[in-house]
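Quick notes on the structure that follows.
We number each residue from 1, following the sequence as shown. Just so it is clear, the structure is predicted and the values come from calculations on it, not from any experiment.
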Amino acid sequence: MAWFVLIVSGVLESGWAIALKKSEGFTRLGPSVTFGVLAMVSFGGLAWAMKTLPAGPSYAVWTGIGAALTATLGILLFNEAVSAVKLVSIGLIIAGVTGLALTGGGH
């Protein structure tokens, strides 16, 4: 259950990062509020998961999911530049997250 909560929290991390971008420096109310709510829920999920999972793999998986998903959404939603190096880098993040999840204990 802790891994599931951690993965959902990582996805929410990407949500708050996208909301932060959309907030335009906290000048837009809706995205700013969305950022705050998603950040609180995401950090809460991370904190809850870390009660039973090791700190290092938990934090790495949480940030890795958020980083890989945010980079992917940046390409899809904001037309950010895409290159082979960027795609391989995202793939390496996913591979690292998977490896940490498989060896992180707490199963």
Side-chain angles (χ1 to χ4, degrees):
M1 183 66 172
W3 282 107
F4 176 76
V5 170
L6 183 65
I7 290 168
V8 170
S9 298
V11 171
L12 293 175
E13 182 195 11
S14 179
W16 66 250
I18 296 299
L20 184 61
K21 168 75 173 163
K22 293 279 207 180
S23 77
E24 297 179 8
F26 297 115
T27 59
R28 298 180 58 218
L29 180 61
S32 297
V33 170
T34 300
F35 161 79
V37 170
L38 292 178
M40 284 191 302
V41 175
S42 179
F43 278 103
L46 173 63
W48 186 85
M50 288 178 87
K51 288 189 334 187
T52 56
L53 297 175
S58 299
Y59 185 71
V61 166
W62 181 73
T63 57
I65 290 171
L69 190 56
T70 302
T72 302
L73 290 174
I75 293 168
L76 297 174
L77 299 177
F78 302 118
N79 296 319
E80 293 177 358
V82 63
S83 66
V85 172
K86 185 180 264 187
L87 294 176
V88 168
S89 298
I90 292 170
L92 289 172
I93 291 171
I94 293 169
V97 165
T98 302
L100 286 169
L102 293 174
T103 61
H107 295 277

| said: Is there a side-chain contact between Val41 and Trp16 in this structure, where contact means two heavy atoms from C-beta onward sitting under 4.5 Å apart? | reply: no
| query | Do side-chain atoms of Ser42 reach the backbone of Ser9 as a donor and acceptor pair under 3.5 angstrom? | reply | yes
| message | Looking at every heavy atom in both Trp62 and Glu13, which two are closest together, and how far apart are they? | response | O-OE1, 2.7 Å
| message | Within the structure provided, determine whether Val61 and Leu53 are in side-chain contact (heavy-atom separation under 4.5 Å). | response | no
| Which heavy-atom pair separates Ala2 from Ala49 by the least distance, and what is that distance? | O-CB, 3.6 Å
| If you take all heavy atoms of Val97 and Gly64, which pair is closest and at what distance? | CG2-CA, 3.6 Å
| message | Side-chain heavy atoms nearer than 4.5 Å, only ILVMFWY residues, links allowed to pass through others: does that put Leu69 and Val8 together? | response | yes
| said: Enumerate the side chain to side chain donor-acceptor pair (under 3.5 Å) contacts for residues 29-38, please, sequence neighbours excluded, ordered by first and then second residue. | reply: none
| query | Do Leu77 and Lys21 touch side chain to side chain, with heavy atoms closer than 4.5 Å? | reply | no
| request: Look at the side-chain heavy atoms of Ile, Leu, Val, Met, Phe, Trp and Tyr, link any pair under 4.5 Å apart, and say whether Val11 and Ile90 land in one connected group. | output: no
| note | Heavy-atom closest pair (Gly15 atom, Leu38 atom, distance to 0.1 Å) is C-CD1, 3.5 Å
| remark: Nearest heavy-atom contact between Ser58 and Leu46 is O-CD1, 4.1 Å
| query | Got a sec: does the CZ of Phe4 have more than 12 other heavy atoms crowding it under 6.0 Å? | reply | no
| Donor-acceptor pair, Thr63 side chain versus Ala60 backbone, under 3.5 Å? | yes
| remark: In this structure, CZ of Phe26 is separated from CG of Leu20 (nearest 0.5 Å) by 5.0 Å
| note | The residue among Thr72, Leu73, Ile65 that forms side-chain contact (heavy atoms from CB on, under 4.5 Å) with Ser14 is Leu73
| Can Leu87 be reached from Ile94 by stepping across I, L, V, M, F, W or Y side chains whose heavy atoms are under 4.5 Å apart? | yes
| said: For residues Leu6 and Met40: do they belong to one hydrophobic cluster (side chain heavy atoms under 4.5 Å, members Ile, Leu, Val, Met, Phe, Trp, Tyr)? | reply: no
| Heavy-atom check, side chain of Phe35 versus side chain of Ile18, under 4.5 Å | no
| Which pair of heavy atoms, one from Lys22 and one from Phe78, lies closest together, and at what distance? | CE-CE2, 4.0 Å
